[in-house]
Engineer: 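Input: one structure, supplied below.
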Amino acid sequence: MAEIKPIKAWRYNAELQKEIENLTSPLFDVVSPKQRETLYKNPLNSIHLSVPKGEEESADMAADRLAKWKKEGIIMQDPLPGIYVYYQYFTLPGSTREHVRKGFIAFIKAYDWDDNVILRHENTIPKSVNDRIELLDKTQLNVSATHGLYSDPDFKLEPYMDESMEMPLGELEDYQGVREVVSVIHDAKVIKKFIDKIGPQKIILADGHHRYEGSMLYRRRMMEQNPNHTGQESYNYHMMYLTNSDSDDLRILPTHRLIKDIPDFSEEKILKQLEENFIIKTLENPEDVHEIILGKKWAFGLLFKENTYKIRLKPEKISELKWNFPDEVKHLDLTVLHYFFIEKILGIKGKEQRSSESIQFERNFTACIRKLMKDEVQCALITKEISMEQVNEVCKTGYTMPQKSTYFYPKTICGFLFGSIQEDEFELPSYFRL
């Protein structure tokens with residue numbers, strides 16, 4: 001059972017809400033160093049809580065800043081618990097159609113993976129998880145919501161969310177060019193409908209694996225320390241943005257792989273090694289890669305500084321993939337890429353790939369080209385997006401995809417609201433009955 005609860009959110013005060021666009025920030029795993037430095041200049045920007053500056057004692061600094069903001073009324077806790085409705089309006093390159101991803105933010109129990117309630121499809125990087133645990137421990141605050149998917153093919157919850165959106169709490173255009181709007185539902189009877197809809201379901205974790213795992217491991221630690229654990233303590237819960245997987249406005253974009261610092265790296269040598277398992281085609285223009293690999297199974301773009309190639313695994317070679325995965329995982333484009341290229345050609349073993357500093361991830365194709373031209377990377381591997389059906393199939397197996405397999409677009413932002421797991425700030429008032 002996927003247990004959710006309403007939130008008594010902390011939000012910037014009414015005066016600061018007028019400049020909310022200057023107070024929000026990208027999520028910790030997508031904010032660039034350049035963006036960070038710009039955002040750090042505003043002493044009230046939410047980045048000081050989500051990605052505190054400084055290598056040492058940064059979590060302590062975030063906790064001190066949070067206490068100061070609370071004391072000075074920079075952020076204030078809403079007096080009533082609620083479900084916070086969150087809509088994101090966006091367009092995609094090459095299209096004029098406006099999409100709107102509709103969802104809501106609530107607390108959800110931070111179930112262990114083995115509970116089979118929250119289903120993951122990606123692996124995590126241990127250092128990033130540990131950073132999130134430390135920050136959560138020091139601040140007792142969920143600074144940004146992770147992204148989970150529920151199923152509602154009849155769109156039963158949507159009318160309640162649409163009605164709430166008639167009186168928004170805040171609106172802005174974010175760094176992605178996305179229009180972000182937040183509202184709130186306080187009606188306990190309506191909130192109960194959300195709780196009942198989510199209750200019987202398994203939730204697919206779309207984005208925020210590190211933050212969720214941080215909450216999960218923190219919950220586990222606190223359970224071990226509490227001999228009177230009931231399961232209802234504040235540390236059991238995690239803030240999540242839940243959207244409908246049956247919606248046509250759910251978009252997954254590809255994340256490309258950038259390779260650097262490989263010893264004795266040679267384009268000629270790599271092309272020679274590729275001949276055994278791949279069909280290789282030289283391309284005149286790197287900008288054509290997307291169209292050429294689109295719809296072709298196990299096909300990728302391989303970009304060097306001067307030359308561009310389409311590489312495609314020879315179909316008969318798939319049986320030689322030795323990783324012990326079910327076919328739903330083995331047959332994914334990215335599994336093929338990570339096995340036949342990153343392990344077999346570059347020599348980075350599968351178990352080492354999660355922590356390898358030779359592999360970088362980049363969603364923006366133009367940024368891939370720019371880094372190649374500046375000699376910041378040795379080559380770029382251009383990938384295709386995966387489908388929601390593939391995500392569902394992998395989640396059902398209990399296995400995971402290679403890291404950074406999906407980029408659910410648009411990303412949520414940090415700063416609209418915060419969810420406290422401090423016990424006296426978490427507890428619902430006695431008069432609020434669901």
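Predicted model only: the values in this text are computed from it and were never measured.
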Engineer: Do the rings of Phe107 and Phe426 sit parallel, tilted or perpendicular, given the 30° and 60° boundaries?
Structural biologist: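 The arrangement is tilted - the two ring planes meet at 30° to 60°.
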Engineer: Can you check whether Tyr212 and Trp113 have ring centres sitting under 6.0 Å from each other?
Structural biologist: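 Yes; Trp113 has its ring centre under 6.0 Å from that of Tyr212.
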Engineer: Which residues pass the ring-ring contact (aromatic ring centres under 6.0 Å, His included) test with Tyr235, not counting sequence neighbours?
Structural biologist: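 Partners of Tyr235 by the ring-ring contact (aromatic ring centres under 6.0 Å, His included) criterion, ordered by chain and then number, come out as His229.
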Engineer: Can a side-chain donor-acceptor contact be found between His338 and Glu343 if the only test is distance below 3.5 angstrom?
Structural biologist: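 Judged by distance alone, the side chains do not pair up.
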Engineer: Before giving the answer on side-chain contact (heavy atoms from CB on, under 4.5 Å), spell out for Arg101 and Tyr87 the whole-Å C-alpha distance, their side-chain angles and the decisive distance to 0.1 Å.
Structural biologist: CA-CA 6 Å; Arg101 189 171 68 188; Tyr87 282 11; over 6 Å; no
Engineer: Sequence neighbours excluded, which residues qualify as side-chain contact (heavy atoms from CB on, under 4.5 Å) partners of Glu37?
Structural biologist: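 Applying side-chain contact (heavy atoms from CB on, under 4.5 Å) to Glu37 gives Tyr40, Lys53.
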Engineer: Scan residues 273-302 for pairs that pass side-chain hydrogen bond (donor to acceptor under 3.5 Å, both in side chains), counting only residues two or more places apart or in two chains.
Structural biologist: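 Pairs touching residues 273-302 that pass the test: none.
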Engineer: Using only heavy-atom distances, determine whether the side chains of Asn324 and Tyr399 contain a donor-acceptor pair under 3.5 Å.
Structural biologist: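 Note: Asn324 and Tyr399 side chains miss the donor-acceptor criterion.
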Engineer: In terms of side-chain heavy atoms, does Ser50 have a donor or acceptor partner in Ser144 at a distance below 3.5 Å?
Structural biologist: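 Judged by distance alone, the side chains do not pair up.
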Engineer: So, are Arg179 and Glu173 salt-bridged, with charged N and O less than 4.0 Å apart?
Structural biologist: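 No, no charged N to carboxylate O under 4.0 Å.
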Engineer: Start with the C-alpha distance between Arg120 and Thr400, add both sets of side-chain angles, then the distance that settles side-chain contact (heavy atoms from CB on, under 4.5 Å), and finish with yes or no.
Structural biologist: CA-CA 7 Å; Arg120 59 177 168 171; Thr400 57; 4.0 Å; yes
Engineer: Please answer whether the main-chain N or O of Asp246 pairs with a side-chain N or O of Asn244 as donor and acceptor at a distance below 3.5 Å.
Structural biologist: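 Pair found, side chain donor or acceptor close to backbone of Asp246.
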Engineer: For the atom pair CD1 (Ile386) and CG (Leu334), what is the distance rounded to the nearest 0.5 Å?
Structural biologist: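 Those atoms lie 7.0 Å apart.
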Engineer: With no hydrogens and no angle check, just 3.5 Å: does a side-chain donor-acceptor pair link Tyr86 and Glu180?
Structural biologist: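 Tyr86 vs Glu180: donor-acceptor pair found between side chains.
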Engineer: The test is salt bridge (charged side-chain N to carboxylate O under 4.0 Å, His left out); show your working for Glu425 and Lys70 and say whether it passes.
Structural biologist: CA-CA 12 Å; Glu425 298 175 350; Lys70 287 179 178 179; 3.0 Å; yes
Engineer: side-chain hydrogen bond (donor to acceptor under 3.5 Å, both in side chains): which pairs involve residues 326-335, sequence neighbours left out?
Structural biologist: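 Listed once each, the pairs are Asp333-Lys384.
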Engineer: Taking NZ, NE, NH1 and NH2 as the nitrogens, is one of them in Asp249 or Lys102 under 4.0 Å from a carboxylate oxygen of the other?
Structural biologist: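 Salt bridge: no.
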Engineer: So, using ring-ring contact (aromatic ring centres under 6.0 Å, His included) as the criterion, who are the partners of Tyr407 when residues are at least two apart?
Structural biologist: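 Tyr407 satisfies ring-ring contact (aromatic ring centres under 6.0 Å, His included) with no residue once adjacent residues are dropped.
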Engineer: How are the rings of Phe90 and His99 set to each other: parallel, tilted or perpendicular (split at 30° and 60°)?
Structural biologist: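 Rings of Phe90 and His99: parallel, as their planes differ by under 30°.
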Engineer: With sequence neighbours left out, write down each residue that passes side-chain contact (heavy atoms from CB on, under 4.5 Å) with Lys41, or none if nothing qualifies.
Structural biologist: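 None.
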Engineer: Taking Arg65 for the side chain and Pro43 for the main chain, is one N or O donor matched with an acceptor at less than 3.5 Å?
Structural biologist: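 Side chain of Arg65 to backbone of Pro43: a pair is present.
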Engineer: What do the steps show when you test Asp248 against Arg97 for salt bridge (charged side-chain N to carboxylate O under 4.0 Å, His left out), and what is the final call?
Structural biologist: CA-CA 12 Å; Asp248 186 44; Arg97 174 188 167 185; 3.1 Å; yes
Engineer: For Met165, does the CE atom sit with more than 12 other heavy atoms under 6.0 Å from it, leaving out its own atoms?
Structural biologist: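 Enclosed.
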Engineer: Mind running side chain to side chain donor-acceptor pair (under 3.5 Å) on Tyr218 and Gln140 for me, showing each step along the way?
Structural biologist: CA-CA 10 Å; Tyr218 180 71; Gln140 295 287 285; 2.7 Å; yes
Engineer: When rounded to the nearest 0.5 angstrom, what is the spacing between CG in Leu302 and CD1 in Ile270?
Structural biologist: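 Rounded to the nearest 0.5 Å, the CG-CD1 separation comes out at 7.0 Å.
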Engineer: Who passes side-chain hydrogen bond (donor to acceptor under 3.5 Å, both in side chains) against Asn22, sequence neighbours left out?
Structural biologist: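 With sequence neighbours excluded, Asn22 shows a side-chain hydrogen bond (donor to acceptor under 3.5 Å, both in side chains) to no residue whatsoever.
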Engineer: Tell me whether Gln88 contacts the main-chain N or O of Val178 through its side chain, where contact means a donor paired with an acceptor under 3.5 Å.
Structural biologist: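 Answer holds: no.
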Engineer: Does the Lys NZ or Arg CZ of Arg251 fall within the cation-pi geometry relative to Tyr409 - under 6.0 Å from the ring centre and within 45° of the axis?
Structural biologist: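 No, Arg251 does not lie over the aromatic ring of Tyr409.
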Engineer: Pairing donors with acceptors under 3.5 angstrom, does anything connect the side chains of Thr406 and His121?
Structural biologist: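 A pair is found: one side chain offers a donor N or O, the other an acceptor, under 3.5 Å apart.
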Engineer: Any chance NZ of Lys197 has more than 12 other-residue heavy atoms, nucleotides or ligands included, within less than 6.0 Å?
Structural biologist: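 More than 12 heavy atoms, drawn from other residues, nucleotides or ligands, come within 6.0 Å of this atom.
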Engineer: Taking distance alone, no hydrogens or angles, what donor-acceptor pairs closer than 3.5 Å link side-chain atoms of residues 365-377 to residues at least two apart or in another chain?
Structural biologist:
| unit_1 | atom_1 | unit_2 | atom_2 | d |
| --- | --- | --- | --- | --- |
| Asp375 | OD1 | Lys305 | NZ | 3.4 |
| Asp375 | OD2 | Lys305 | NZ | 3.1 |

Engineer: Taking the basic N atoms (NZ, or NE/NH1/NH2) and the acidic carboxylate oxygens, is any pair closer than 4.0 Å for Asp174 and Lys411?
Structural biologist: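 Looking at Lys411 together with Asp174, the answer is no, because their closest N to O distance does not fall below 4.0 Å.
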Engineer: For the ring pair His256 and Phe361, is the centre-to-centre distance below 6.0 Å?
Structural biologist: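 No, the ring of His256 stays outside the 6.0 Å limit from the ring of Phe361, centre to centre.
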Engineer: Who are the side-chain hydrogen bond (donor to acceptor under 3.5 Å, both in side chains) partners of Ser358, not counting sequence neighbours?
Structural biologist: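 So Ser358 forms no side-chain hydrogen bond (donor to acceptor under 3.5 Å, both in side chains) with any residue.
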Engineer: Does any pair with a residue in residues 132-173 pass ring-ring contact (aromatic ring centres under 6.0 Å, His included), and if so which ones, sequence neighbours excluded?
Structural biologist: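 Found Phe104-Tyr150, His147-Tyr241, His147-Phe408.
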Engineer: For Lys314, give me all partners under side-chain contact (heavy atoms from CB on, under 4.5 Å), at least two apart in sequence or on another chain.
Structural biologist: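 With neighbours one apart ignored, the set is Ile279, Glu316, Lys317.
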Engineer: Please answer whether the main-chain N or O of Leu44 pairs with a side-chain N or O of Asn42 as donor and acceptor at a distance below 3.5 Å.
Structural biologist: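 Yes: the side chain of Asn42 pairs with the backbone of Leu44.
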Engineer: Please check if atom CD in Gln17 has more than 12 non-hydrogen atoms from other residues, nucleotides or ligands closer than 6.0 Å.
Structural biologist: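 Enclosed: over 12 neighbouring heavy atoms sit under 6.0 Å from CD of Gln17.
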Engineer: To the nearest 0.5 Å, how far apart are NZ in Lys5 and CD in Glu3?
Structural biologist: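 Reported to 0.5 Å precision, the distance equals 5.5 Å.
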Engineer: Sequence neighbours left out, what passes side-chain contact (heavy atoms from CB on, under 4.5 Å) with Thr139? Give chain and number order.
Structural biologist: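 If we apply the side-chain contact (heavy atoms from CB on, under 4.5 Å) test to Thr139, skipping adjacent residues, the hits are Ala62, Ala63, Leu66, Leu135, Leu141.
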Engineer: Counting distance only, does the side-chain N/O of Ser95 pair as donor-acceptor with the main-chain N or O of Leu92 below 3.5 Å?
Structural biologist: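 No; zero donor-acceptor contacts below 3.5 Å.
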Engineer: Return yes if some donor-acceptor pair links the side-chain N/O of Gln378 with the main-chain N/O of Asp261 below 3.5 Å, else return no.
Structural biologist: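 Yes; at least one donor-acceptor contact below 3.5 Å.
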